[in-house]
Amino acid sequence: MKRAFYERPVLDVAQDLVGCVVSRGTSSGVIVETEAYHQAEPASHAFVGLTNRTRVLFGPPGVAYVYRSYGIHACLNAVCEPEGVGAAVLIRALEPVEGIELMRERRGVERLEDLCSGPGKLTEALGIGLDLDGTDLLRGPIVITGRSRAWSDVEVAASKRIGITKAADLPWRFSALGSRYLSRPALSRA
DNA sequence: CATGGGATTGACT
DNA sequence: GTCAATCCCATGC
């Protein structure tokens with residue numbers, strides 16, 4: 001993936017990342033669920049402006065923003081839009097591809113559908129911690145590559161973001177239609 | 001310096 | 001369905 005891919009409106013990047021591959025060491029998976037966050041909208045960590053915590057969000061695109069959630073889990077984002085704009089795509093779920101046995105060991109569960117079906121789960125499965133905050137997604141250790149042939153025509157569904165209390169109605173969650181590896185089903189009942 | 005609130009998960013009623 | 005775990009960080013005194 002080139003730097004310019006991330007240097008675009010965060011909503012475009014969030015949709016285009018579905019079907020792409022996240023690799024970390026010998027483990028990898030296809031992105032099946034993302035969410036977009038932008039500084040202009042209060043659910044985003046960048047909404048508060050430039051602070052020590054949000055420094056990476058306002059930096060160059062194509063960089064990993066990893067934060068601790070609820071004191072327990074790490075969550076992985078890809079920083080988007082030009083430097084100076086605070087925006088990122090949260091990677092919410094993967095379909096496991098490589099290094100599945102290692103994922104099972106790290107997660108302590110067996111079912112494929114339980115390995116990476118949530119933002120905190122996939123970071124545990126891939127061994128991604130806060131130490132990788134600010135690392136370059138073009139150079140690694142976390143690398144994102146484009147859709148393979150099999151995923152080139154993936155259909156992407158939009159729905160409301162999960163687990164937030166502010167700006168909860170924005171349809172900024174994107175998922176691979178029909179995937180069994182989502183954190184939650186794509187279509188929420190109205 | 002003290003406090004409150006999460007971009008979650010898993011266990012339990 | 002409810003709820004606790006656990007810690008970083010932004011905010012306010």
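Protein chains get the first letters and strands the later ones, always in sequence-line order, with residue 1 at the start of each. The model shown is predicted, which means the values in this text are computed figures rather than measured ones.
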Subject >> Which residue lies more 5' along DNA chain C, comparing L130(A) with I72(A) via nearest heavy atoms >> reply: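 Here I72(A) is the residue nearer the 5' end.
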Original post:
Do Y37(A) and H45(A) have ring centres separated by under 6.0 Å?
Top reply: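 Distance test on ring centres: not under 6.0 Å, no.
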Which nucleotide, [options], lies nearest any side-chain atom of [X]?
{"X": "H73(A)", "options": "dT11(C), dT9(B), dA5(C)", "value": "dT9(B)"}
{"X": "N52(A)", "options": "dA10(C), dC7(C), dA7(B)", "value": "dA10(C)"}
{"X": "K166(A)", "options": "dA10(C), dG6(B), dT8(B)", "value": "dG6(B)"}
{"X": "S69(A)", "options": "dA5(C), dT8(B), dG10(B)", "value": "dT8(B)"}

Does a side-chain N or O of [X] approach OP1 or OP2 of [N] to a distance below 4.0 Å, or not?
{"X": "R107(A)", "N": "dT9(B)", "answer": "no"}
{"X": "R53(A)", "N": "dC7(C)", "answer": "no"}
{"X": "K121(A)", "N": "dG10(B)", "answer": "yes"}

Original post:
How far, in whole Å, is dG1(C) from dA7(B) if one measures between their C1' atoms?
Top reply: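 23 Å, rounded to whole Å.
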Original post:
side chain to side chain contact (heavy atoms under 4.5 Å, CB included) with I91(A): which of N77(A), L17(A), I142(A)?
Top reply: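 Exactly one pass, corresponding to L17(A).
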**OP:** Scan R161(A) against the nucleic acid and name what it touches under 4.0 Å (heavy atoms): base, sugar-phosphate only, or nothing.
**Re:**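 Touches nothing.
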Original post:
At under 4.0 Å between heavy atoms, what does I164(A) touch on the DNA or RNA strands: base, sugar-phosphate, or nothing?
Top reply: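 Answer is sugar-phosphate: I164(A) comes under 4.0 Å of backbone atoms only.
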**OP:** Verify whether one side chain among S28(A) and E98(A) offers a donor that lies under 3.5 Å from an acceptor in the other.
**Re:**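 E98(A) and S28(A) do have a side-chain donor-acceptor pair below 3.5 Å.
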Original post:
Going by distance alone, is a donor N or O of one side chain under 3.5 Å from an acceptor N or O of the other, for R173(A) and S159(A)?
Top reply: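 Distance-only check passes for R173(A) and S159(A).
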Original post:
So which nucleotide does dT6(C) pair with, by the Watson-Crick or G-U wobble rule with both distances under 3.5 Å?
Top reply: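 The base-pairing partner of dT6(C), which may sit in any strand shown, does not exist here.
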Original post:
Is there a Watson-Crick or G-U wobble partner for dA7(B) with both distances under 3.5 Å, and which nucleotide is it?
Top reply: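 Per the H-bond distance test, none.
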Atom pair distance, as rounded to whole Å: [atom1] in [X] and [atom2] in [N]:
{"X": "D114(A)", "N": "dT8(B)", "atom1": "CG", "atom2": "P", "answer": "17 Å"}
{"X": "R92(A)", "N": "dT9(B)", "atom1": "CZ", "atom2": "C1'", "answer": "11 Å"}
{"X": "Y70(A)", "N": "dC8(C)", "atom1": "OH", "atom2": "P", "answer": "16 Å"}
{"X": "L57(A)", "N": "dA7(B)", "atom1": "CG", "atom2": "P", "answer": "12 Å"}
{"X": "R111(A)", "N": "dG10(B)", "atom1": "CZ", "atom2": "P", "answer": "12 Å"}
{"X": "E41(A)", "N": "dA7(B)", "atom1": "CD", "atom2": "P", "answer": "10 Å"}
{"X": "Y37(A)", "N": "dG6(B)", "atom1": "OH", "atom2": "C1'", "answer": "11 Å"}
{"X": "L122(A)", "N": "dA7(B)", "atom1": "CG", "atom2": "C1'", "answer": "12 Å"}

Original post:
5'-most contact on DNA chain B: V109(A) or R68(A), nearest heavy atom basis?
Top reply: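 It is R68(A) whose nearest nucleotide is closer to the 5' end.
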Original post:
Distance under 6.0 Å and angle within 45° of the ring axis: does R8(A) meet both against F5(A)?
Top reply: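 Checked: cation-pi criterion met.
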**OP:** Could you state whether V30(A) and I128(A) fall into the same hydrophobic cluster, counting links through intermediate Ile, Leu, Val, Met, Phe, Trp or Tyr residues with side-chain heavy atoms under 4.5 angstrom apart?
**Re:**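 Linked, V30(A) and I128(A) end up in one cluster.
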Original post:
Less than 5.5 Å between centroids and less than 30° between ring planes, does Y67(A) satisfy that with dA7(B)?
Top reply: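 Aromatic stack with dA7(B) absent for Y67(A).
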